[in-house]
Amino acid sequence: MTEKMRRAGWSGVFMLAEPAREHPMTDELATFDFELPRDHIATEPARPRDSAKLLHVRSGHAPDLRIIRDLPGLLREGDLLIANNTAVIRAQLSATRGEAKIGITLDRILADGSWHALARNSRKLKPNDTLNFGDDPVTASVVENEGDGAVSIRFSVEGDAFDAFLERVGALALPPYIDRPFGPTAQDDSDYRTIFSEHRGAVAAPTAGLHFTPDLLAALDTKGIQRRTLTLHVGAGTFLPVRSSIAEHRMHAEWGEIDAETAQAINETRARGGRVVAVGTTSLRLLESAAQEDGTVQPWRGETSIFIKPGYRFKAVDLLMTNFHLPRSTLFMLVCAFSGTDTMREAYAYAIANGLRFYSYGDACLLERAP
């Protein structure tokens, strides 16, 4: 993160999303580490969105470089595409407690209506402290200081009034590798939103969904590929690298829901031999959280902190469309679990050698599940 970004208030968990090289690396973490040239990190999306590169990855085959617009041709009639319909909120807030400046990154709403958040200068906070947001009439009170930068806070408004408050004073919590010295732009407000966005609550966009356009959805429909959505509100902790050992890493909880219509479509697809295609690791994580041992899925609602790593047996998902992830991240471990570690290391090496663009605004890959 640049000094300009710090001055502009860009802090919170996304500052921690870059690999922490200062921590000793165990042999198991080295397996999931790689060097990525800085110029391979995308700071703007492809335009149009479906012109981005798409790397088709299958175990036992060389990587096959396509573009997103080729996706319908890589799927089969009767396949079921499932995307995440969460919508990003302006989760980054600048608050004060007296004279102290407190940077807040909202993480997720809790069952009692309060918010779990990550705070800069959190050591200054104690229960019942009042947070002010400039001249805005909305305030927040501290419910609990959990330590290590985590707090729970309760705002003085809820519902539509809270949404309006975030629109007035909040900012998108873009990851720090999308370099915006003076904060997100008006263009980011549009670029960092998927075509599936419907239910507000995510801190970060489910970025595989950023590639879809009306024309691409029409082409999928013409091919006979079904489409459904689910909701997983992406939390700030999803992107944290593993800093100590894989066994000690704990995922942050995220709230999600699969409705009856989507569950029925999944079960009917599998029963007739069709494939379930997850758009993004967020969709995959929720599907696997809800799946039974036989691969069927029931309507589901609640929090999940599932950590998928090599050795996991997938039950519900056959293909995964996803962007390229951070080294040493739980998301890179997830794709290694899905398609095989050697296959994914080869695919990422190919992507780097051929100039593919990484991370949120970058290119994508279509992964087939390893046998």
Side-chain angles (χ1 to χ4, degrees), residues 1-18 38-49 52 84-96 101-109 115 117-120 131 133-136 138 140 149 155 162-213 233-240 280 282 323-326 357-363:
M1 176 174 286
T2 66
E3 185 59 34
K4 284 183 179 179
M5 292 170 74
R6 288 192 180 91
R7 288 200 301 269
W10 296 101
S11 58
V13 69
F14 290 103
M15 208 164 92
L16 305 176
E18 297 175 291
R38 186 53 93 163
D39 62 2
H40 283 53
I41 299 172
T43 58
E44 302 282 350
R47 305 189 196 282
R49 295 187 183 202
N84 188 355
N85 62 16
T86 188
V88 176
I89 62 173
R90 296 173 176 263
Q92 199 141 44
L93 302 167
S94 296
T96 56
K101 295 181 179 180
I102 310 292
I104 299 288
T105 302
L106 300 179
D107 180 30
R108 68 187 190 278
I109 192 168
W115 280 82
L118 298 165
R120 188 180 74 247
L131 300 176
F133 303 92
D135 296 329
D136 200 273
V138 173
F155 289 89
F162 179 71
D163 291 344
F165 160 71
L166 290 185
E167 288 298 313
R168 288 195 305 273
V169 306
L172 291 176
L174 289 179
Y177 45 74
I178 299 177
D179 191 8
R180 297 289 185 269
F182 303 104
T185 65
Q187 186 64 52
D188 286 317
D189 283 336
S190 173
D191 288 342
Y192 204 59
R193 178 180 297 274
T194 77
I195 197 171
F196 307 106
S197 295
E198 185 176 356
H199 302 296
R200 293 166 54 87
V203 175
T207 53
L210 295 177
H211 298 289
F212 286 80
T213 65
H233 291 321
V234 188
T238 296
F239 306 94
L240 289 174
T282 61
N323 285 19
F324 292 94
H325 302 295
L326 289 162
R357 302 160 71 245
F358 274 59
Y359 305 161
S360 298
Y361 279 155
D363 298 310

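What you are looking at is a predicted structure, and each value in this text was computed from that prediction instead of being measured. Here, residue 1 is the first one in the sequence, and each next residue gets the next number.
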Legend entry - Main-chain N/O of Thr105 paired to Arg120 side chain as donor or acceptor, under 3.5 Å: no

Inset, instruction - Please name all residues satisfying side chain to side chain donor-acceptor pair (under 3.5 Å) with Thr185, sequence neighbours left out, ordered by chain then number. - result: Asp188

Legend entry - Any Phe155 side-chain heavy atom under 4.5 Å of Leu166 side chain: no

Legend entry - Interatomic spacing from OG in Ser197 to CG in Leu210 - rounded to 0.5 Å: 8.0 Å

Inset, instruction - Using the test side-chain contact (heavy atoms from CB on, under 4.5 Å), find all partners of Ala42 that sit at least two apart in sequence or belong to another chain. - result: Arg357, Tyr361

Legend entry - Polar side-chain atom of Asn85 near backbone of Phe196 as donor-acceptor pair, under 3.5 Å: no

Legend entry - Pair Tyr177, Ser360: side-chain N/O donor-acceptor within cut-off below 3.5 Å: yes

Legend entry - Contacts of Thr213 that satisfy side-chain contact (heavy atoms from CB on, under 4.5 Å) - sequence neighbours left out: Arg49, Asp50, Asp215, Leu216

Legend entry - Residue list, salt bridge (Lys or Arg N to Asp or Glu O under 4.0 Å) with Arg90, at least two apart or on another chain: Glu167, Asp189

Inset, instruction - For Ile195, check side-chain contact (heavy atoms from CB on, under 4.5 Å) against everything at least two apart and list the hits. - result: Phe212, Pro214, Leu217

Inset, instruction - For residues Asp191 and Arg47, determine if any side-chain heavy atom of one lies less than 4.5 Å from a side-chain heavy atom of the other. - result: yes

Legend entry - Rounded distance [0.5 Å steps], CH2 in Trp115 versus CG in Leu93: 9.5 Å

Legend entry - Asp179 and its side-chain contact (heavy atoms from CB on, under 4.5 Å) partner, picked from Pro175, Pro176, Pro181: Pro181

Legend entry - Residues that Arg168 engages under side-chain contact (heavy atoms from CB on, under 4.5 Å), provided they are two or more places apart: Asp136, Val138, Ala164, Phe165

Inset, instruction - Work out which heavy atom in Gly235 is nearest to a heavy atom in Asp107; give both atom names and the distance. - result: CA-OD1, 3.5 Å

Inset, instruction - Enter the distance from Ile102:CD1 to Thr96:OG1 here, rounded to the nearest 0.5 Å. - result: 8.5 Å

Inset, instruction - Using ring-ring contact (aromatic ring centres under 6.0 Å, His included) as the criterion, list what pairs up with His233, not counting sequence neighbours. - result: Trp255

Legend entry - Min side-chain heavy-atom separation Arg180-Thr43 under 4.5 Å: yes

Inset, instruction - Please list, chain by chain and in numerical order, all residues satisfying side chain to side chain donor-acceptor pair (under 3.5 Å) with Asp363, sequence neighbours excluded. - result: none

Please tabulate, for side-chain N and O atoms in residues 198-208, each donor-acceptor pair with protein atoms closer than 3.5 Å (sequence neighbours left out).
none

